[in-house]
4 protein chains.
Amino acid sequence: MGSPTARWQRRKEARPPEILSAALAVFAERGYAATRLDDVARRAGVTKGTLYLYFPNKEELFKAVIRGTLVPALTRITDADAASPVSIDDLIADFERLADSPIGVIPKLVLGEATNFPEITRFYLDEVVARGLKAIRAMLQRGIDAGTFRAVDPEYSAYCVVAPLLLGLLWKHSLGAVANDPLDIAVLCRTHRDLLLNGLRPRPVAP
Amino acid sequence: MGSPTARWQRRKEARPPEILSAALAVFAERGYAATRLDDVARRAGVTKGTLYLYFPNKEELFKAVIRGTLVPALTRITDADAASPVSIDDLIADFERLADSPIGVIPKLVLGEATNFPEITRFYLDEVVARGLKAIRAMLQRGIDAGTFRAVDPEYSAYCVVAPLLLGLLWKHSLGAVANDPLDIAVLCRTHRDLLLNGLRPRPVAP
Amino acid sequence: MGSPTARWQRRKEARPPEILSAALAVFAERGYAATRLDDVARRAGVTKGTLYLYFPNKEELFKAVIRGTLVPALTRITDADAASPVSIDDLIADFERLADSPIGVIPKLVLGEATNFPEITRFYLDEVVARGLKAIRAMLQRGIDAGTFRAVDPEYSAYCVVAPLLLGLLWKHSLGAVANDPLDIAVLCRTHRDLLLNGLRPRPVAP
Amino acid sequence: MGSPTARWQRRKEARPPEILSAALAVFAERGYAATRLDDVARRAGVTKGTLYLYFPNKEELFKAVIRGTLVPALTRITDADAASPVSIDDLIADFERLADSPIGVIPKLVLGEATNFPEITRFYLDEVVARGLKAIRAMLQRGIDAGTFRAVDPEYSAYCVVAPLLLGLLWKHSLGAVANDPLDIAVLCRTHRDLLLNGLRPRPVAP
DNA sequence: TATGAATGAGAGTTCATTCAT
DNA sequence: TATGAATGAACTCTCATTCAT
C-alpha cells in the first residue's frame, strides 16, 4: 500500500506488466525509433532508470512487448489442430476481440519494423503467421474434404481469408486515427464472411 | 555536364528525382525515424548539405517522397469514373505492377508513420484511399446493377477487394525479407480473383 | 551471529574491514572512477545499500581504504627514529612483504588519483612519503657520518633508494598483469641492493 | 582566416592535434574514467560533436593520445641499436626533456589505466618499455664488455637505471601538484647519475 | 541491521541542421 | 550549386545515492 506521502513504492511484481503495456502504447503511437524511453517511463509511472531494472535496453523492451502479447491472444488459432480445429467464425471472433484490445496494434508494429528487427520478424513469422496460416489451411482442407468448400488452393486462399481481417486491424491503428468516417470492423467482418463463404461454396452442378 | 575542371556538376534539374528515389529506398528499408540523411545523401550520390538545397528538412523530404510517387502509379484507378471505369482485372494488374516497383513500399511506410504524420495520412487518405475505394465501389455497383454480381454491400466489400492485394504488397516489403518461403503475388492475385468472383456471383435460384 | 531464522546477520563489527578489503581490490583493479559500488558490495558479500551504513559515500570509502591500510604496513620505516633506526635491508624486506600483499597496490592508486583527491594525496605525502623519506635520509646520514657511505646528497639520494622498490610495486599492479615475462621482485631487490651499496661505497683513496 | 564574426571555422587539419593535446591535458588531470568529453571539447575550442568527427569514441581518443605522443619523444632511446647506441647521459637528457613536456604524464596515465586497457598496456610494453629496456641493457652490456662497468646483471639493472627517472616523472604529475617542497628533477638526475656510475664502477683489485 | 527497488543527475553518442568555404 | 566541418539538442544508458520495506 505505502503511505500517501511515500515518494515511491516497491512493486517488483507489478512493474514489468505496467512497463510493457506503457511501452506497447508508445511504440504503437510513435514506432520503435521515435519512441523515447522517457515517455514510456512516464506513462508507466516510473523513471527512466527503473526501466533498466527490468529490461536491459530499448531493443529488448521492444522484443518483450512483441513477444509477450500477441501470441497469448491467438492461441485458439495458433494452437489449433485436428483435435480442436478452428472455424471461420472462430477466426473472425478472435480478430474482433483483437481489434478491441491494445495489442491489436502489434501487426502494424511488426510490419513497420520488420526489416530493422529480423529476429522479431522471424519470431512473429514462426509463432504467429506460420501457425495461423497452418490452422486456416487445415480448416479449408477440411471443408474441401467434406464437400462444404470448392477445391480451392488452400495455401494461397489462406492469405485471402486473413487479409480483410488484418486490414481492419491495420486501418484502426493507422489511417483510422485520421480518417473522417470510421471503419466498422464488425461490418467488415460480416461482409468478409459473406463474400468468403460464397466464394468457397461449391458451384452448382449444371443440370 | 560542366567542364572537366568543375569541382561538381550543376544538375539542378536532375537532383530532386535522384534524391527522392534514394530517399524512398532508405525510408522503405529503415522507416522514417531510423533513416539517416547521410545514408540518403550517399545513396543519391551527393552530400548531406545538398539535400537541404532541394528540401527544407527531413520531414518535407519524407512528405515529398510519399506525395510524389504513389499517386501517379494509380491514376488509372484513382481517376476512374463513369466514362472510364475500372475492372477487377485492371485493379489486379495495377497492383501486380506496383509489387514490382520500388514505390510498392509506400503503403507500408504510410501505415507505419500514419500517427506521426497526420498531414501525410490525410493526403494519402484523400488522394489514394478514398479515390481508390470510390472506384472499386462504383465497379461493384455497376456489377450489381448489371446483374453480374450479387447485391453485396459495396462500401465494405471494397475493403475485401483490396485487402489481399494490399497484403501482398505489405508482405513483400516486410515479412518477405525474412520469410523462408516466398509469397508469389501472381498466384495470390489469381486465387483472390477466383474467390472474389465466386463470392460475388449471383446465387442460383432454388428450383 | 543471529538466529538461524534471521534474514541476515548482524555483523556490525565485522563489516567495515570486509568492505574495505573488497573496496581495495576493486579500486586496485579499476581505479576510483571506474569502480562501481555494486561490484564492491558484491565482493564484500553485501548489497549496495549496506555500504552506506558504514561509509557516507564513495569518496569517503576510497579515503578510508587508502588511509587505513598502507600506514600500518610501513610503521617500521615511518616510525623509525634514532632509537630504532632503519637499514637498507629493513627497507627492502618491508617492500618485499608489501609486494606480496594486496595493499601493495596503494601507491599505484594514490599516484593515479592524486590530482582528483588532494586531501588523500596530502595525507599520503605526510604520513607515508615524508616519514619514509625522512627515515631513509637519516639512514644515509648515519652511514655518511660513520664513513660507511660516501658523502652523497641524502635528500635526493633517498628518492634513488626507494625508486626501484616502488617500480617493482607499480609494475606488479599495472604492466605486470599484461606483460609476458614477469618481473621477479626478489631479484630486482638484490640487484638494487648491490648497485646501491656499491654506489654508496667510499671511493678508495688513491695511493 | 575567417571573419571575426564567424561562429566557427573549418580547420580540418588543425583539429586532431588540438583535440589530442586537449585530451592529454584532461586525461592527465582526471584520469580516463573521470574525464568528460565536454571538458576535452571545451579545452580544444570545439563542441562535443566535433570530437566524433575525428575519433570514433572516448576509448579510441584515449588510445590515440597514448599511442601518438610518447613514442616519438623517445625514439632516440627506443630506436637505439649497435650502430647508434645510447648512453646514460642520453637517457637522462631525454627524461629531463620529457619532464618539461606535457607528454611526461603518459607513464602515469598508462600505469593508472593499465588493467582497464590491456590493449594500450601491451602497446606501451612493446613499443616503449621493451625497446627502452633493451637499449639500456645493451648499454650496460657494452660497458661490462669494455671493462667500464662491473659485471652486473644487465636485465634487472636496467630497471634500476630507469626507476629514479620514472619516479621523477610520476612525482611531477601526481604528488608534485600537492607537495609543499618541489622535487628538482635536474638534481634528482645528477644524484642518480652519480650513484649509478659509482655503483657500476669496477671494484678496485685488492693489492 | 540489511535489503534492493527506485531515483535522477550526468555521461557518451548520434544526427538533423547550419554555414564557412 | 555543392561541400562537409561544425554545431547542439536529444537520446540511450549508467550508477551513486536514497528510502520503503
Side-chain angles (χ1 to χ4, degrees), chain A residues 1-3 5-15 33-39 41 45-59 61, chain B residues 2 6-12 15 33-41 46-54 56-59 61, chain C residues 2 6-12 15 33-41 46-54 56-59 61, chain D residues 1-3 5-15 33-41 45-54 56-59 61:
Chain A
M1 231 184 313
S3 74
T5 60
R7 298 231 314 258
W8 47 266
Q9 298 176 35
R10 316 187 103 179
R11 299 177 56 245
K12 187 181 167 55
E13 319 302 331
R15 296 298 188 204
T35 287
R36 283 165 304 183
L37 292 186
D38 250 335
D39 292 339
V46 297
T47 60
K48 232 180 348 176
T50 299
L51 302 183
Y52 286 86
L53 295 177
Y54 298 98
F55 301 93
N57 54 48
K58 185 181 179 182
E59 186 168 339
L61 174 59
Chain B
R7 296 229 337 263
W8 53 76
Q9 312 228 331
R10 312 207 162 207
R11 303 179 56 245
K12 188 178 166 63
R15 292 296 190 211
T35 287
R36 281 165 304 181
L37 291 188
D38 254 331
D39 292 339
V40 173
V46 297
T47 58
K48 229 179 351 175
T50 301
L51 302 182
Y52 284 84
L53 297 175
Y54 297 98
N57 54 45
K58 186 181 180 183
E59 185 169 339
L61 173 59
Chain C
R7 295 226 341 260
W8 55 77
Q9 310 228 331
R10 313 208 161 205
R11 303 180 55 246
K12 189 178 167 57
R15 291 298 190 211
T35 287
R36 281 166 304 182
L37 291 187
D38 253 333
D39 292 340
V40 173
V46 298
T47 59
K48 228 179 353 175
T50 301
L51 302 182
Y52 283 84
L53 297 175
Y54 297 97
N57 55 45
K58 186 182 180 182
E59 186 168 338
L61 173 60
Chain D
M1 229 187 313
S3 73
T5 60
R7 299 232 312 258
W8 46 266
Q9 297 176 36
R10 319 186 99 180
R11 299 177 56 244
K12 185 181 168 56
E13 319 300 332
R15 295 300 188 203
T35 287
R36 282 166 305 183
L37 291 186
D38 251 333
D39 293 339
V40 173
V46 297
T47 59
K48 231 178 353 172
T50 300
L51 301 183
Y52 285 85
L53 296 177
Y54 297 98
N57 54 46
K58 185 181 180 182
E59 185 168 338
L61 174 58

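Computed over heavy atoms, backbone and side chain alike; hydrogens, waters and symmetry mates excluded. Letters go in sequence order (proteins before strands), and every chain restarts at 1.
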Whole-Å gap separating P (E:dT3) and CH2 (A:Trp8): 15 Å
F:dG4 phosphate, OP1 or OP2, under 4.0 Å from B:Lys48 side-chain N/O: no
For the student: nearest non-hydrogen atoms of A:Gly45 and A:Arg15, plus distance: O-NH1, 4.5 Å
Rounded distance (Å) that lies between atom C1' of E:dT21 and atom CD of D:Glu13: 14 Å
B:Leu37, nearest nucleotide to its side chain (from E:dA16, F:dA5, E:dT13): E:dA16
Any B:Thr47 side-chain N or O less than 4.0 Å from OP1/OP2 of F:dA2: no
Closest to side chain of A:Arg10, choosing from E:dG4, E:dT17, E:dT7: E:dG4
Gap between atoms CG and P, on B:Asp38 and E:dT14 respectively (whole Å): 12 Å
C:Tyr54 vs E:dA2: side-chain N/O to OP1/OP2 distance below 4.0 Å: yes
Pairing nucleotide - E:dC15, Watson-Crick or G-U, each distance under 3.5 Å: F:dG8
D:Tyr52 OH to F:dC11 P, straight-line distance once rounded to whole Å: 18 Å
Closest nucleotide among F:dA16, E:dA20, E:dT13 to the D:Arg7 side chain: E:dA20
Minimum-distance nucleotide (side-chain atoms of B:Leu53 versus E:dA6, F:dT7, F:dT1): F:dT1
Residue pair A:Ala33 / B:Ala33: nearest heavy atoms and the distance that separates them: CB-CB, 3.4 Å
Any C:Arg15 side-chain N or O less than 4.0 Å from OP1/OP2 of E:dA2: yes
Rounded interatomic separation in angstrom, taking CG from A:Leu61 and P from F:dT12: 11 Å
Distance, rounded to the nearest Å, where D:Arg11 contributes CZ and F:dT7 contributes P: 11 Å
Along DNA chain E (nearest heavy atom to each residue), the more 5'-positioned of A:Leu51 and B:Lys58: A:Leu51
Side chain of D:Thr50 (C-beta onward), nearest among E:dG12, F:dA2, F:dT7: F:dT7
5′-ward residue of the pair A:Arg36/A:Pro56 relative to DNA chain F: A:Arg36
Spacing of C:Lys48 atom NZ and C:Thr50 atom OG1 [to the nearest 0.5 Å]: 11.5 Å
Residue pair C:Leu37 / C:Lys58: nearest heavy atoms and the distance that separates them: CD2-CG, 3.9 Å
Earlier contact from the 5' end, DNA chain E, for D:Ala33 and A:Gly49: A:Gly49
Distance, rounded to the nearest Å, where A:Gln9 contributes CD and E:dG4 contributes C1': 16 Å
Residue closer to the 5' end of DNA chain F, C:Asn57 versus A:Asn57 (nearest nucleotide): A:Asn57
Pairing nucleotide - E:dA20, Watson-Crick or G-U, each distance under 3.5 Å: F:dT3
Nucleotide nearest A:Val46 (side chain, heavy atoms from C-beta), chosen from F:dA10, E:dG12, E:dT7: E:dT7
A:Asn57 versus A:Tyr52, closest heavy-atom pair with distance: CA-CE2, 3.9 Å
Distance-minimising heavy-atom pair for A:Thr47 and A:Ala41: C-CB, 3.6 Å
